[in-house]
Amino acid sequence: MSNATPPSFAQLRRTPWVKWLVAVVAAITLLALLVIFFPWDVLRGPLNRYVSERTGRHFEITRKLDVKLGRTTRVFADGLEFANPAWAQDRNLVTAESAELDIELSALFHRRIEIARIALRKPVLGLQIEPDGRRTWALGRDEGDPQNIPHIGLLVVDNGSAHFVASEHGADILTEFAIDAAASAAAHPMPMTFKSKGTWRKEPFTAQGRTGSVLTINSASREPFPLEVSAASGTTAMQANGAVASLATFDGADLSFNLRGQDLSTLYKLLGVVLPATPRYALRGHLLRQGDVWNARGLNGKLGNSDLVGELDFDRSKDVPHLAGRLHSQSLDFDDLAPLVGLPEQPRSAAAMPAVVPGGKVEKVVHDKGHKVLPTAQLDLARLKAMTAEVDYSAARVVNARGLPLERMSLRVVMADGFLRLGPMKLGVASGSLAGSIIINGNTNPALAEAHLDARALELNKLFPRLKITQASFGKMHGDIDLKGRGNSVATMLGTSSGSVSMLMGRGEISNLLMEFAGLDGGEIIKFLIRGDKNVVLRCGAASFDVKDGLMTSRAFVLDTEDTIIYGSGGISLARESLDLTLRPYPKDMSILSLRSPLTLSGTFDAPKAGVDKGALAQRAGFALALGALNPLLALASTVETGPGKDANCRTVLRDAASTDMQAKVAIMAQEGADANNGAAAPADQRKPTFWQRIFGAGKPAAAAAATR
């Protein structure tokens, strides 16, 4: 066993490493006491001068400075003033009765300014950002350097105001906020109220609402703060409630909203989203934001008398924003389409939602009696390049079409690189379809437009639903529209267009009374008025126009029945919106009281006029009166129609009238009419499939089949 004794305390004191340990402990103790009891306020003057020199603007803690050192160091300033750069509108970036800042010291070694939390008491803020990237809250002489911009986590405020200016966005907004003492005492989740007014995208607006007193500025990982807001700009109003994760970017927004206004297209000024012109509207839905993508889900509402549901996504991650989505209407009111084509909002649409527009007043719709029928509203070419879009829209039913046989519709709207394409488009018309596309090239001024539309199986009796005389008629019409024009409105596009328009009709039946009126056959008219109307077999019909510089010139125009054949000629001016057509009927049967005379269609689209060729009619009537003066029987004899009209060569007429891409269908139609031209019918067991069976896979009605035979 060792007899060594442990060293005494006096001996340890003389050991070198113990002396160093004691010295270190003493130093740490003294440093801790110094930190705890250090009169930090003595550094207030030097700190004020240092910050002012580094930023190039006045900085001052006016009353007292205190610091609590740590990994996250808390700085308390009693009384704070920090000036703005000379270029800013407001003199100061911030003035406050007091401020607390939690600064991450480790970030300073990496030249980053990270402030986990700022608490301001009665602050007045002057925030401004310039198009070149300069910000008033940058803490350095170079206000555009991203490294001088502090990363702020949380902002805690009580009563005060903030003025925000961003000329690039047309923003000049003053917000006043205050803590509701009663709500705060009751632990309300949104004790802070706010009111804002000013301009956004140079449009005046107001807003008010509630939120929490702790706001997340840049940290989306923190707990989202609640928000309720009600805002209005012009004739647009919105209410929203939910939560937001980041006030600076609105990332993590999760809001339910109600949006109402007079015209959806006005949202372009406020949000930069290109939407079509509409009547007054009311929409509700759920709004989400993740990164640069806004998602509108569960859209449900009304545009005038029309319902609307669907969803939209708006992506701002690229240089040009992109809109995509699907929208659907169960019932589309035709009046609600008026603003889309540049016509005023219709009274029915306005009356359907009188309280939608802020103020609740229904604006009086002013109609210009001298306005053109074709829309003259100007296309905004800049909006075609403001974003891209792919949106599908469909309407299961179209109502209140005012005599037009429009039944349903579906189309895709594609906008990219200055082009607007409406198509594929399919409209349900008269139990048939009108399909195709319309393309507008907005890269030139005026714009270039193309329309390629195909009409298929339009039923004659439904094509003119308000004419009782055609309700018993039947037959299916087909057509092509191929036009190219230039202009910034529908009127100018059509008024400068060139191309072709063709309409064809195969066998069917049409009112005989209608044909006798066309032929001014008095004897037949009297007979049908007494005995009742009956249908006559329609052999074929065709109308084809060459279009050049807005003038439609007839290439072929014929309507051939077993009783009468009508030839037409003339033109239609899309530029002047005028009609100049002449129809010449030739009855095929003998009849008394016939005053056959050309019929004329003239006037304008807004006020068309139909009548007879008064010169020709007067000449024939005068001849009848002259004979009647000699002998009444001679006057009657002068009205006897000997039937010089001959069957039209439907094969030739239809081939000439049809456009190139309809040749296959015309050949079928002409072949089917060949037997009728030759006056013979094929045996029943040798008959070829009918036109309707070849094109549509279904037979004609029994009456038409009998007429064919």
Side-chain angles (χ1 to χ4, degrees), residues 41 44 47-48 51-52 55 57-68 72-86 88-103 113-129 134-140 143 148-166 171-181 183-184 188 190-198 207-219 222 225-227 229 244 246-249:
D41 195 51
R44 179 160 52 93
L47 180 63
N48 290 343
V51 175
S52 297
T55 60
R57 40 193 164 129
H58 175 71
F59 174 85
E60 183 178 3
I61 299 173
T62 58
R63 290 188 290 272
K64 183 181 179 181
L65 169 67
D66 194 13
V67 178
K68 291 184 179 180
T72 299
T73 297
R74 177 164 295 179
V75 178
F76 174 79
D78 185 13
L80 178 66
E81 292 182 5
F82 192 11
N84 263 328
Q89 290 187 22
D90 295 300
R91 178 180 177 182
N92 290 322
L93 171 65
V94 57
T95 60
E97 288 195 1
S98 64
E100 285 187 11
L101 292 83
D102 293 347
I103 302 174
I113 305 172
E114 294 188 9
I115 304 176
R117 172 180 169 274
I118 296 180
L120 299 174
R121 183 167 178 265
K122 295 184 178 179
V124 177
L125 305 175
L127 309 173
Q128 186 169 337
I129 182 171
R134 290 178 295 164
R135 295 168 171 83
T136 58
W137 56 92
L139 304 180
E143 294 93 359
N148 290 332
I149 301 172
H151 185 278
I152 301 173
L154 300 178
L155 174 64
V156 182
V157 294
D158 54 5
N159 301 328
S161 65
H163 183 208
F164 175 72
V165 177
D172 191 334
I173 305 168
L174 176 63
T175 301
E176 297 179 346
F177 42 86
I179 294 294
D180 186 337
S184 182
H188 193 285
M190 291 183 285
M192 187 168 71
T193 63
F194 65 88
K195 292 183 178 180
S196 300
K197 63 179 181 179
Q208 58 185 2
R210 305 182 70 96
T211 185
S213 59
V214 180
L215 308 179
T216 304
I217 303 299
N218 283 311
S219 181
R222 297 179 181 271
F225 63 89
L227 176 67
V229 61
V244 177
S246 174
L247 184 61
T249 63

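When reading the values below, keep in mind they use all heavy atoms of this one structure, side chains included, and skip hydrogens, waters and symmetry mates.
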Nearest-0.5 Å distance that lies between atom [atom1] in [X] and atom [atom2] in [Y]:
X    : Y    : atom1 : atom2 : value
N159 : E176 : CG    : CD    : 10.5 Å
D102 : E114 : CG    : CD    : 12.5 Å
T55  : E143 : OG1   : CD    : 9.0 Å
I152 : L247 : CD1   : CG    : 11.0 Å
M190 : D180 : CE    : CG    : 11.5 Å
H151 : I113 : NE2   : CD1   : 12.5 Å

A side-chain contact here means heavy atoms from C-beta on lying under 4.5 Å apart; do [X] and [Y] qualify?
X    : Y    : value
F177 : S213 : no
V67  : T73  : yes
V229 : F194 : yes
R121 : E100 : no
D41  : L65  : yes
L93  : W137 : yes
N84  : R57  : yes

Does the side chain of H58 come under 3.5 Å of the side chain of N48 through a donor N or O and an acceptor N or O?
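On atom types as modelled, these side chains do not qualify, holding no pair under 3.5 Å.
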Of all heavy-atom pairs between [X] and [Y], which one has the smallest distance, and what is that distance?
X    : Y    : result
N148 : P150 : O-CD, 3.5 Å
F59  : L80  : CE1-CD1, 3.6 Å
I149 : A138 : CG1-CB, 4.2 Å
A119 : R117 : CB-NH2, 3.6 Å
T193 : R210 : CG2-NH1, 3.5 Å
I118 : L101 : CG1-CG, 4.4 Å

Would you check, one step at a time, whether the test side-chain contact (heavy atoms from CB on, under 4.5 Å) holds for L125 with F164?
CA-CA 8 Å; L125 305 175; F164 175 72; over 6 Å; no
Whether T72 side chain and I103 backbone form a donor-acceptor pair below 3.5 Å:
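No, the answer is negative, given that no donor and acceptor are paired below the 3.5 Å cut-off.
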side-chain contact (heavy atoms from CB on, under 4.5 Å) between H163 and D172, intermediate numbers included
CA-CA 7 Å; H163 183 208; D172 191 334; 2.6 Å; yes
D78 with K64: basic N within carboxylate O range, under 4.0 Å:
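Not counted as a salt bridge, because no side-chain N and carboxylate O are separated by less than 4.0 Å.
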Of T136, L139, I61, the residue whose pairing with F82 passes side-chain contact (heavy atoms from CB on, under 4.5 Å):
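Result for side-chain contact (heavy atoms from CB on, under 4.5 Å) with F82: L139.
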Return the set of residues passing salt bridge (charged side-chain N to carboxylate O under 4.0 Å, His left out) with E81 (not counting sequence neighbours), or none when no residue passes.
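Per chain and number, E81 pairs via salt bridge (charged side-chain N to carboxylate O under 4.0 Å, His left out) with no residue.
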What verdict does the side-chain contact (heavy atoms from CB on, under 4.5 Å) test give for Q208 and K195, after you've listed the backbone C-alpha separation in whole Å, the side-chain angles of each residue and the deciding distance to 0.1 Å?
CA-CA 4 Å; Q208 58 185 2; K195 292 183 178 180; 4.1 Å; yes
Could you give me the CA-CA distance, side-chain angles and deciding distance for L155 and L120, then say whether side-chain contact (heavy atoms from CB on, under 4.5 Å) is met?
CA-CA 8 Å; L155 174 64; L120 299 174; 4.2 Å; yes
With a cut-off of 6.0 Å (strictly less than), are more than 12 heavy atoms of other residues, nucleotides or ligands near CZ of R63?
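Enclosed.
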